[in-house]
Amino acid sequence: QVQLVESGGGLVQAGGSLRLSCAASGSIFRINYMGWHRQAPGKQRELVAGFTSRGTSNYADSVKGRFTISRDNAKNTLYLQMNSLKPEDTGVYYCNAIIQTTTKRNVAENYWGQGTQVTVSS
């Protein structure tokens, strides 16, 4: 019913930039929350940045001042601009959204994208 498709990952040198996109599609009634998580090899998945429907955002301390999350509500698309990338930013980046569908308007369900690989070389 709902699909989240990420794009924009890749290989970049330390200090470089990447912009991730996450497009939500399907039977969407309302998107309550969208955010980015990442998982480095051998580590747990962690929140990178989140963006609520009210316009508030939060960031992990490790990315504050370097990453910027934004959202195009008309396109149901979430972005993550990543600047001054570091090798420790390497990982699979996942888009996450809490969505009410047109068939279950009273239920907010959690959805995940398939992930996009970000590799930062030193």
Side-chain angles (χ1 to χ4, degrees):
Q1 278 187 315
V2 172
Q3 298 81 38
L4 300 179
V5 179
E6 302 106 330
S7 61
L11 173 64
V12 65
Q13 288 188 332
S17 298
L18 284 174
R19 188 190 193 210
L20 305 183
S21 299
C22 170
S25 63
S27 306
I28 297 171
F29 173 62
R30 179 183 293 124
I31 299 177
N32 298 315
Y33 171 87
M34 292 189 83
W36 291 98
H37 290 68
R38 70 185 177 192
Q39 188 165 18
K43 295 187 177 181
Q44 289 187 332
R45 191 174 298 187
E46 63 175 356
L47 174 69
V48 176
F51 200 79
T52 73
S53 59
R54 296 185 177 184
T56 59
S57 58
N58 62 301
Y59 297 89
D61 288 340
S62 60
V63 307
K64 284 181 181 177
R66 300 187 298 120
F67 291 11
T68 302
I69 192 171
S70 61
R71 178 175 165 181
D72 185 333
N73 291 328
K75 295 181 179 180
N76 288 336
T77 301
L78 184 72
Y79 303 97
L80 186 68
Q81 178 66 44
M82 305 186 294
N83 299 328
S84 301
L85 282 161
K86 303 176 181 180
E88 51 264 42
D89 294 318
T90 295
V92 179
Y93 283 68
Y94 296 92
C95 178
N96 169 234
I98 298 175
I99 295 173
Q100 295 168 254
T101 63
T102 55
T103 55
K104 295 181 181 181
R105 296 192 178 191
N106 295 328
V107 179
E109 296 178 291
N110 198 29
Y111 294 89
W112 290 91
Q114 82 286 352
T116 185
Q117 177 70 45
V118 171
T119 303
V120 184
S121 63
S122 58

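The first residue of the sequence shown is numbered 1, and numbering continues consecutively from there. The analysis underlying the following values was restricted to heavy atoms, covering all of them including side chains, and did not include hydrogens, waters or symmetry mates.
In this structure, Ser122 OG and Lys86 NZ are separated by 14.0 Å, a value rounded to the nearest 0.5 Å. Considering CD1 of Ile98 and CG of Asn32, their distance stands at 7.0 Å, rounded to 0.5 Å. Atom OG of Ser27 and atom CD of Gln3 lie 8.0 Å apart (nearest 0.5 Å). Note that CE of Met82 is 11.5 Å distant from CZ of Arg19, once rounded to the nearest 0.5 Å. Atom-to-atom distance recorded for Lys64:NZ and Tyr59:OH is 10.5 Å, nearest 0.5 angstrom. Distance check: Asn96 CG to Glu6 CD gives 10.0 Å after rounding to the nearest 0.5 Å.
Taking every heavy atom of both residues into account, Gly35 and Ile69 meet most closely at CA-CD1, 4.4 Å. Of all heavy-atom pairs spanning Leu4 and Cys95, the tightest one is CD1-O, 3.8 Å. Considering all non-hydrogen atoms of both residues, Gly9 and Leu20 come closest at N-CD2, 3.6 Å. Between Gly91 and Gln117, the closest heavy-atom pair is O-NE2, 3.4 Å. Residues Tyr33 and Gly50 share a closest heavy-atom pair of OH-CA, 3.4 Å. Residues Ala24 and Ile31 approach most closely at CB-CD1, 4.2 Å, considering heavy atoms.
Side chain of Thr102 to backbone of Phe29: no donor-acceptor contact under 3.5 angstrom is found.
In the hydrophobic cluster analysis, where Ile, Leu, Val, Met, Phe, Trp and Tyr join through side-chain heavy atoms closer than 4.5 angstrom, Val5 is grouped apart from Trp36. Residues Tyr79 and Leu18 fall into different hydrophobic clusters, defined by Ile, Leu, Val, Met, Phe, Trp and Tyr side chains chained together at heavy-atom separations under 4.5 Å.
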Audit row: Arg66, Asp89, side chain to side chain contact (heavy atoms under 4.5 Å, CB included) steps and yes/no: CA-CA 11 Å; Arg66 300 187 298 120; Asp89 294 318; 2.8 Å; yes

Side chain to side chain contact (heavy atoms under 4.5 Å, CB included) between Ser62 and Glu88, worked out: CA-CA 9 Å; Ser62 60; Glu88 51 264 42; over 6 Å; no

Worked check of side chain to side chain donor-acceptor pair (under 3.5 Å) between Arg71 and Asn73: CA-CA 6 Å; Arg71 178 175 165 181; Asn73 291 328; 2.7 Å; yes

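Here Tyr94 sits in one hydrophobic cluster together with Val92, Trp112; the rule is ILVMFWY side chains under 4.5 Å apart, joined directly or through other members.
In terms of the side chain to side chain contact (heavy atoms under 4.5 Å, CB included) criterion, residue partners of Ser7 (sequence neighbours excluded) are, by chain and number, Ser21.
Counting heavy atoms from C-beta on, the side chains of Tyr111 and Thr101 come closer than 4.5 Å. When side chains are defined from C-beta on, Phe67 counts as touching Leu85, because their heavy atoms get closer than 4.5 Å. Counting only heavy atoms from C-beta outward, the side chains of Val63 and Arg38 approach each other to under 4.5 Å.
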